Amino acid sequence: MSGLRLRAERGVLSAVGGVLVAFLGLPLLSLFLGLGAEDFGIGLRHPLVWPALRLSLLTTSASLVVVVLLGTPLAWSLARAKGRLARAVETAVQLPIVVPPAVAGVALLLAFGRRGLGAGWLYPEGTSFSFTTAAVVMAEVFVSAPFFVQAATSAFRRIDGSLLVVARSFGASPLRVLLRIALPLAAPGLVAGAAMSWARSLGEFGATLMFAGNLEGRTQTLPLAIYTALESDMRAARALSIVLVVVAFALLLFVRGVLGRSTEPGARS
Amino acid sequence: MTRGRRRALQALVLCLAALSVPAGCERGQATPAPHEDGLVVFAAASLRDAFTAIGADFERAHPGVTVTFQFAGTQELRTQLEHGAAADVFASADQRHMDELVAASRASEPVVFARNEPVLVVALEAAGRIHGLADLPSAARLVVGSPEVPIGRYTQQILERAAARFGADYRARVEARIVSRELNVRQVLAKVSLGEAEAGFVYRSDVRAAEDRVSLVTIPAELDVVAEYPIAVVTGAAHPVLARAWVDLVLSADGARALERAGFLGPAGRGSEP
């Protein structure tokens with residue numbers, strides 16, 4: 001009786017969850033349905049596809065490296081610090097998540113544009129990062145870093161503090177504690193955060209369009225190519241969207257599966 | 001520098017206006033009313049100022065009626081109409097999109113109600129160096145519309161015509177200076193008014209929004225291509241009577257005056273004065 005009830009409750013919960021799966025899955029599935037193999041082939045041969053795919057992979061890899069290299073020490077400090085300032089900083093670095101991406105692009109222009117706040121001291125007057133591949137990476141870092149920092153901060157917080165105290169008492173330097181104890185323990189959380197952050201930068205559109213512009217091979221990433229194709233050829237836009245979804249799905253599976261498993265606590269011992 | 005920053009902030013407002021275009025698709029699906037107390041107008045983004053003014057006149061002339069606008073890129077509006085969006089009137093920035101909707105029986109009897117002329121806008125820093133099409137190959141950075149959108153197509157046609165005057169390699173020399181192909185005309189204007197690009201092609205009606213931040217260079221008539229704006233009642237409109245009244249108002253002398261104030265030319269054959 002209780003077993004039956006248990007199963008019934010589980011069934012209800014799964015059904016409720018299934019509603020969300022259907023809602024999220026149906027639009028993605030509809031990208032694939034009704035687009036014949038022939039149309040997909042024609043779409044794939046659209047001249048926008050390959051330069052955009054190459055540029056997207058290049059820039060998102062670069063932004064991921066920047067986010068992880070700068071975000072890990074930040075997350076470590078935020079997780080260890082207890083002051084009010086640290087909480088304020090932690091909240092501030094989450095803000096890019098709520099800023100609409102296109103507004104983020106305008107903000108980047110006002111900060112790093114030709115007439116931006118940084119002109120004259122960060123870079124020579126009359127120059128700018130705008131319209132360069134570097135601008136694409138900057139836009140991606142801006143919108144995606146919060147996802148990594150948030151995940152990494154909570155991963156570091158979950159570490160048992162006594163382990164760190166023991167390590168310190170045996171004479172390990174703070175850097176050594178971070179590299180040898182904290183990083184391996186927090187690795188699953190860091191990898192998950194990196195995957196989220198990477199996925200966000202792969203889909204980044206608004207900030208890139210505003211700050212980096214839209215030029216094939218230089219600043220036209222996959223989402224920009226999709227939007228450009230949408231103006232003329234729905235087939236190409238759908239084929240490109242499918243490429244984006246499949247590439248993202250494959251890479252997320254890879255990151256979560258392969259890297260995630262190898263860094264699970266059980267797998268290391 | 002402070003002056004530059006103030007201008008940059010002003011341009012921010014303009015950028016936000018440009019951004020509202022892609023976001024526009026979330027609004028607009030109106031439910032048809034049993035009697036005609038509302039009107040839904042789908043109009044090209046460039047018509048925002050003129051149609052808002054005409055809308056105020058319309059609501060005054062028809063008490064109790066609310067006019068709802070959806071301003072967006074013509075291509076976006078066309079896609080929405082093809083997928084059954086509930087609109088009464090469609091005003092397009094481009095003949096081609098209107099023709100395709102008529103062919104698909106989603107609109108009937110389009111009439112050209114205005115024309116819009118591409119012009120060159122130049123960032124204030126470069127205004128001393130760029131006086132016309134001949135100076136474009138020496139510009140440092142040009143931003144143009146993508147060939148998929150109307151302003152981009154017109155830009156290509158203008159460059160082709162200019163090549164006949166300035167030499168066969170003119171177009172290639174200009175294209176070498178292009179740093180971005182924008183997906184809507186307001187983004188071209190935003191980048192020139194922020195000083196990121198030195199020059200770009202936009203419609204004359206767009207410049208009104210940025211008059212003090214860019215300098216305007218008219219393109220010689222023999223090289224320019226003029227965009228024709230057709231308007232039509234949408235097939236199956238929920239408010240056909242009001243829709244007809246709206247089209248008539250746009251075509252009237254009052255409508256023409258509002259369009260002219262926004263920088264549009266009158267339809268061909270009638271001149272700019274109705």
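Just so it is clear, the model here is predicted, and its values are computed rather than measured. Every heavy atom of this structure was used, including side-chain atoms; hydrogens, water molecules and symmetry mates were not. Naming convention: chains lettered A, B, ... in sequence-line order (proteins, then strands); numbering from 1 in each chain.
- Applying the side-chain hydrogen bond (donor to acceptor under 3.5 Å, both in side chains) rule to B:Gln156 yields no partners; only residues at least two apart in sequence or on another chain are considered.
- With sequence neighbours excluded, the residues forming a side-chain hydrogen bond (donor to acceptor under 3.5 Å, both in side chains) with A:Thr59 are A:Glu140, listed by chain and number.
- Within the 4.5 angstrom heavy-atom criterion, only backbone atoms of A:Leu230 (N, CA, C, O) approach chain B.
- More than 12 heavy atoms of other residues, nucleotides or ligands lie within 6.0 Å of CZ in A:Phe32, so this atom counts as buried by the packing criterion.
- With a 6.0 Å radius and a threshold of 12 heavy atoms from other residues, nucleotides or ligands, A:Arg54 has its CZ atom at or below the threshold.
- Note: A:Ser130 leads A:Ser130, A:Pro100, A:Gly120, A:Gly105 in heavy-atom pairs under 4.5 Å with chain B.
- Within 6.0 Å of OH in B:Tyr170 there are more than 12 heavy atoms belonging to other residues, nucleotides or ligands.
- Annotation: side-chain contact (heavy atoms from CB on, under 4.5 Å) contacts of A:Val247 (sequence neighbours excluded): A:Leu53, A:Leu57, A:Val243, A:Leu251.
- Atom CG of residue A:Leu215 and atom CD1 of residue B:Ile178 lie 8.0 Å apart, to the nearest 0.5 angstrom.
- Put simply, the side chain of A:Val106 does not reach to within 4.5 Å of the side chain of B:Leu194, judged on heavy atoms.
- When all heavy atoms are compared, the tightest approach of B:Glu196 to A:Phe131 is O-CE1, 3.5 Å.
- With respect to B:Glu125 and A:Arg115, a salt bridge is recorded, a charged nitrogen being found less than 4.0 Å from a carboxylate O.
- Residues A:Gly213 and B:Glu182 share a closest heavy-atom pair of CA-OE2, 3.9 Å.
- Within residues 134-146 of chain B, the residues having any heavy atom closer than 4.5 Å to a heavy atom of chain A are B:Arg141, B:Val143, B:Ser146, listed by residue number.
- A donor-acceptor pair under 3.5 Å links the side-chain atoms of B:Lys191 to the main chain of A:Met210, judged by distance alone.
- Of the N and O atoms on the side chains of B:Glu148 and A:Thr228, not one donor lies less than 3.5 Å from an acceptor on the other residue.
- The minimum heavy-atom distance between B:Val179 and A:Arg218, with the atom names listed, is CG1-NH1, 4.5 Å.
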